[in-house]
**Student:** 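Have a look at this one before I ask anything.
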Amino acid sequence: MSDFQTSTHRERWIFQPQDLIDKWTGVNRRSAETLAQYGTMRLKVDPVDGSISNPEPAPDHVVRSLSVKPLSCEEEQMMRRFYEQKIQEVCKAFKFPHKIHATAIIYFKRFYLQWSVMEHHPKHIMLTCVYSSCKVEENHVSAEELGKGINQDHQIILNNEMIVLKSLDFDLIVYAPYRSIEGFIDDMDDFCRAGNGAHQRLKDLNQTANSHVDRMMLTDAPLLYTPGQLALAALYKSNDALKVLDFDRYLESVFSRQRFDCPVEQFVQIMNTINYLVRTFTWLGTDTV
């Protein structure tokens, strides 16, 4: 696999917070303008090449009589998060590995930087992102199997495949924090230099950190920080509860051996910011959306 430092993930898909706000605001405004002009927000997608076509403009009297109002940016955010939760539920139902969960969610997040949920229904895009992530990660599941497993028409999955891939600019290699956690756990094993239960404690730390990342993936953090930063933030938080090792000393050891773009004190602030996003995340129920 290619290195993250030279990847399109690092070059094109890590943003500043204001970048995300600008993108979400822009697609929301465009969708509202589409509703005003055409009387609908749904765009027609060619399933073969993923090209988009607008409907015919609605007559003035139809537009004036429309009772449908566009969603606000806050309402769109709730919709995105609700269906990201659904991605995790679908992946768990199929017992897909963590890598599939992460790749599908990141595909979904990237797609809705380009489009509004009012333009492409997130229920359909969600399924296509899961299907695409299975193909990319070589966990082969047919669209028919996926659709049947959740009582959905598999043709919807296939019809949206090309628009999803085009919206991702075919940047399909995703780096998830789970693999980084495994690497840091191995490094911690060497750092601790102890047996007699240390391996089991590190195994517990690994499992707890993975669960923390599951929740982390539902926040904006994967679009703001690198997989390594996310992994260390999850381990930092999990170790705070399990007390497996002296994390400050371990972090100093890592910084002495690897090149980072900031001093260790600033990195601790980054980890605290990531964990704040997780702590303030609210799980959305069907009644909320």
Side-chain angles (χ1 to χ4, degrees), residues 1-14 88 91 96-107 109 133 136-139 171-219 221-275 277-278:
M1 180 178 286
S2 61
D3 182 67
F4 174 76
Q5 297 300 323
T6 58
S7 68
T8 57
H9 186 148
R10 181 177 184 272
E11 180 183 356
R12 303 184 60 192
W13 298 103
I14 302 293
Q88 286 190 339
C91 289
F96 292 147
H98 282 298
K99 177 63 173 173
I100 302 296
H101 297 218
T103 300
I105 288 175
I106 290 176
Y107 284 175
K109 288 179 182 292
S133 68
V136 170
E137 300 301 336
E138 298 183 348
N139 192 356
D171 293 337
L172 304 180
I173 302 300
V174 166
Y175 293 80
Y178 301 103
R179 185 176 181 184
S180 297
I181 286 176
E182 292 178 2
F184 284 121
I185 289 292
D186 289 341
D187 188 53
M188 287 176 179
D189 196 12
D190 294 336
F191 176 80
C192 292
R193 295 178 182 173
N196 301 326
H199 292 296
Q200 182 58 48
R201 291 196 298 273
L202 286 171
K203 185 177 179 180
D204 294 341
L205 181 62
N206 191 346
Q207 185 175 356
T208 304
N210 280 338
S211 296
H212 194 65
V213 168
D214 287 345
R215 193 173 181 89
M216 191 181 287
M217 294 303 299
L218 301 175
T219 72
L223 295 174
L224 297 170
Y225 301 99
T226 68
Q229 291 172 328
L230 298 176
L232 279 171
L235 288 164
Y236 179 59
K237 178 65 176 178
S238 301
N239 186 73
D240 191 45
L242 298 178
K243 302 292 190 295
V244 175
L245 74 165
D246 184 336
F247 204 90
D248 290 338
R249 200 162 65 85
Y250 173 70
L251 204 59
E252 290 175 359
S253 171
V254 172
F255 269 68
S256 70
R257 291 178 283 121
Q258 299 182 25
R259 181 178 178 180
F260 284 78
D261 296 331
C262 64
V264 64
E265 296 80 10
Q266 185 178 345
F267 191 82
V268 171
Q269 293 179 354
I270 290 173
M271 293 192 298
N272 286 332
T273 300
I274 293 171
N275 287 323
L277 292 176
V278 179

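Keep in mind that this is a model prediction, so the values were computed, not measured.
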**Student:** Would you say that I181 contacts L235 through its side chain, given a criterion of any heavy-atom pair below 4.5 Å between the two side chains?
**Tutor:**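 The answer is yes, as the side chains (C-beta and beyond) meet within the 4.5 Å cut-off.
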
**Student:** Taking the six-membered ring for Trp, are F267 and F255 parallel (under 30°), tilted (30 to 60°) or perpendicular (over 60°)?
**Tutor:**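 Correct class here is perpendicular.
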
**Student:** Could you tell me the separation between the OH atom of Y225 and the OG1 atom of T273, rounded to the nearest 0.5 Å?
**Tutor:**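 Interatomic distance, Y225 OH to T273 OG1, rounded to 0.5 Å: 4.5 Å.
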
**Student:** Do you know the tightest heavy-atom contact between A233 and N275?
**Tutor:** O-ND2, 3.2 Å

**Student:** Measure the CG-NE2 distance between D3 and H9 for me, rounded to the nearest 0.5 Å.
**Tutor:** 12.5 Å

**Student:** Is V213 close to H98 at the side-chain level, that is, under 4.5 Å between some pair of heavy atoms?
**Tutor:** no

**Student:** Give me the atom names and distance for the closest heavy-atom approach of F191 to D246.
**Tutor:**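 Distance-wise, the nearest heavy atoms are CE2-O, 4.4 Å.
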
**Student:** When you compare the side chain of P222 with that of I105, does any pair of heavy atoms fall below 4.5 Å?
**Tutor:** no

**Student:** Is there a side-chain contact between W13 and I106, using heavy atoms and a 4.5 Å cut-off?
**Tutor:** no

**Student:** What's the verdict on side chain to side chain donor-acceptor pair (under 3.5 Å) for D189 and H199, showing C-alpha distance, side-chain angles and the deciding distance?
**Tutor:** CA-CA 7 Å; D189 196 12; H199 292 296; 3.2 Å; yes

**Student:** Can you tell me how far CD1 of I14 sits from CD of Q229, rounded to the nearest 0.5 angstrom?
**Tutor:** 8.0 Å

**Student:** Can you establish whether the number of heavy atoms outside K109 located under 6.0 Å from its atom NZ is more than 12?
**Tutor:** yes

**Student:** If you round to the nearest 0.5 Å, how far is NZ of K237 from CE of M216?
**Tutor:**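 Here the rounded value is 10.5 Å.
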
**Student:** State the NZ-CD distance between K203 and Q200, to the nearest 0.5 angstrom.
**Tutor:** 5.5 Å

**Student:** Keeping the roles fixed (side chain from K99, backbone from V174), state whether a donor-acceptor pair exists under 3.5 Å.
**Tutor:**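 Checked: pair present.
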
**Student:** OG1 of T208 to CG of L242: how many Å apart, nearest 0.5 Å?
**Tutor:**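 Spacing of OG1 (T208) from CG (L242) equals 4.5 Å.
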
**Student:** Work out which heavy atom in L172 is nearest to a heavy atom in V136; give both atom names and the distance.
**Tutor:**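 Result for this residue pair: O-CG1, 3.5 Å.
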
**Student:** Are more than 12 heavy atoms from other residues, nucleotides or ligands located less than 6.0 Å from atom CD of Q207?
**Tutor:**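 Count not over threshold, so no.
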
**Student:** With heavy-atom distances below 4.5 Å as the criterion, would you say the side chains of Q88 and D214 are in contact?
**Tutor:**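 The answer is yes, as the side chains (C-beta and beyond) meet within the 4.5 Å cut-off.
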
**Student:** Please walk me through it: do S7 and I173 pass side-chain contact (heavy atoms from CB on, under 4.5 Å)?
**Tutor:** CA-CA 8 Å; S7 68; I173 302 300; over 6 Å; no

**Student:** What are the two closest non-hydrogen atoms of F247 and L232, and how far apart are they?
**Tutor:** CZ-O, 3.8 Å

**Student:** Mind listing the closest non-hydrogen atom pair of E137 and T103 along with its distance?
**Tutor:** OE2-OG1, 3.2 Å

**Student:** The test is side chain to side chain donor-acceptor pair (under 3.5 Å); show your working for N210 and N206 and say whether it passes.
**Tutor:** CA-CA 6 Å; N210 280 338; N206 191 346; 3.2 Å; yes

**Student:** Verify whether the ring centers belonging to H101 and F96 lie closer than 6.0 Å.
**Tutor:**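 Between F96 and H101, which both carry aromatic rings, the centre distance is not below 6.0 Å.
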
**Student:** Any side-chain heavy atom of L205 within less than 4.5 Å of one from M188?
**Tutor:** yes

**Student:** Which heavy atom of I185 sits nearest to which heavy atom of L202, and what is that distance?
**Tutor:**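 Taking every non-hydrogen atom into account, CD1-O, 3.7 Å.
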
**Student:** Please tell me if the side chains of Y175 and T226 come closer than 4.5 Å, counting only heavy atoms from C-beta onward.
**Tutor:** no

**Student:** Any side-chain heavy atom of M217 within less than 4.5 Å of one from Y178?
**Tutor:** yes

